[in-house]
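Atoms within a ligand are numbered from 1 in the order they appear, just like the ligands themselves. Heads up: numbering here begins at 1 and tracks the sequence.
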Amino acid sequence: MPGLVERYRDRLPFADDDPVVTLGEGSTPLVHAPTVSERVGAEVYLKIEGANPTGSFKDRGMTCAVSAAVREGAEAVICASTGNTAASAAAYAAKAGLTGAVIVPEGKIATGKLAQALMHGARVIALRGNFDEALRLVRELVDRHPIALVNSVNPFRLEGQKTAAFELLDDLDQLDLLCIPVGNAGNVTAYWKGFREAGASPRLFGFQAEGAAPLVHGRRVENPETVASAIRIGNPARWEEAMAAMTESRGEIRAVSDDEILDAYRLLAAREGVFCEPASASSVAGLLKYGADGAERVACVLTGHGLKDPQTALEQAYAVVPCEPSIAAVERAVLG
Ligand code: AN7
């Protein structure tokens with residue numbers, strides 16, 4: 001499978017002979033979700049972004065941001081991250097032969113993401129502060145040093161991420177509504193850009209976690225809190241663009257509680273066979289909570305893989321069944 005720069009080069013800011021750093025991202029599955037469809041009375045599809053090379057949608061933006069950094073002669077890339085951007089930046093930096101550094105909120109990123117960033121050889125800095133503080137500090141740092149910033153404030157990130165909208169339109173002949181988790185608000189901005197460039201305008205429903213819902217309340221959240229650590233963000237960098245996308249698409253930005261997120265997270269795994277991370281489940285949680293508002297055909301973006309956060313999974317799942325090594329014990333254990 002070609003990477004997304006190759007697939008969509010005519011709609012991306014890359015010339016034929018530009019260097020491309022790719023891990024074969026994009027072209028992710030779109031899976032029909034019968035249980036969710038029945039509950040909301042619409043035809044619902046899941047866009048499985050966890051199937052990207054590092055397990056999240058960030059790879060779409062990162063292939064473009066890191067390719068552009070290489071084109072510009074950068075030697076190092078940096079980002080602030082709640083985890084997935086860090087994992088992706090670290091992988092693409094490794095592929096490009098660049099130095100990677102990531103600043104994450106100490107103790108607040110999921111285990112899998114930390115393992116990825118470390119394994120890819122990035123310098124992982126655990127900030128005694130939250131994501132918003134980390135982003136403010138890296139923005140200051142790149143003003144002083146020649147390091148490429150690969151957070152979604154980098155326009156190449158949005159260019160890459162808009163391709164998910166192209167894929168949805170390629171796969172579906174009709175799309176009325178897109179449901180999407182919102183944290184730093186780069187992805188929802190990118191989808192809207194992609195839809196507009198393709199001449200489509202589905203409604204956008206963005207969902208934030210109740211304890212980290214600055215766009216819902218119209219003001220910054222100083223100490224954001226949610227089980228969905230990926231979207232534990234109180235001051236989104238793409239605030240205005242995201243709100244403009246909501247207005248233009250006749251969309252809504254609304255909040256879902258941690259319990260609602262975890263209910264959707266378990267439902268997706270147990271009934272649809274799709275294991276996503278908690279932040280990703282907020283798209284489905286929001287659709288289940290607020291309904292499709294008359295839309296017939298709906299896509300929910302599942303932004304990251306469930307394996308990113310094994311700890312939350314184990315806390316939410318049934319316990320394992322211990323068993324002695326005899327056939328009688330195995331029978332009891334299996335047949336229950
Ligand atoms: C799984 O990795 O911000 O609204 O630093 O990892 O574009 O921020 C992650 C965000 C949704 C929200 N789902 O997307 C980071 C980071 C998952 C995520 C979002 C994130 P944006």
Exercise answer, ligand 1 polar atom pairs (N/O) under 3.5 angstrom:
unit_1, atom_1, unit_2, atom_2, d
ligand 1, 2 (O), Ser81, OG, 3.1
ligand 1, 2 (O), Thr82, OG1, 3.4
ligand 1, 2 (O), Asn84, N, 3.2
ligand 1, 2 (O), Thr85, N, 2.8
ligand 1, 2 (O), Thr85, OG1, 2.9
ligand 1, 4 (O), Gly183, N, 2.8
ligand 1, 4 (O), Asn184, N, 3.3
ligand 1, 4 (O), Ala185, N, 2.8
ligand 1, 5 (O), Ser81, OG, 3.0
ligand 1, 5 (O), Thr82, N, 2.8
ligand 1, 5 (O), Thr82, OG1, 3.4
ligand 1, 5 (O), Thr85, OG1, 3.3
ligand 1, 6 (O), Asn84, ND2, 2.7
ligand 1, 7 (O), Gly186, N, 3.2
ligand 1, 7 (O), Asn187, N, 2.8
ligand 1, 8 (O), Asn184, N, 2.7
ligand 1, 13 (N), Thr303, OG1, 2.6

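- Inspection of the Thr28 and Lys47 side chains reveals an N or O donor paired with an N or O acceptor under 3.5 Å.
- The aromatic rings of Phe205 and Phe207 sit perpendicular to each other, their planes meeting at more than 60°, with 30° as the lower class boundary.
- The pair Arg60-Glu167 meets the salt-bridge criterion, with a side-chain N (NZ, NE, NH1 or NH2) lying under 4.0 Å from an Asp/Glu carboxylate O.
- Between Asp293 and Arg203 there is a salt bridge, with a side-chain nitrogen of the basic residue lying less than 4.0 Å from a carboxylate oxygen of the acidic one.
- Glu49 and Thr303 are not linked by any side-chain donor-acceptor pair at a separation below 3.5 angstrom, with hydrogens and angles left out of the test.
- Checked by atom type, the side-chain pair Gln161/Lys193 shows no donor-acceptor distance below 3.5 Å.
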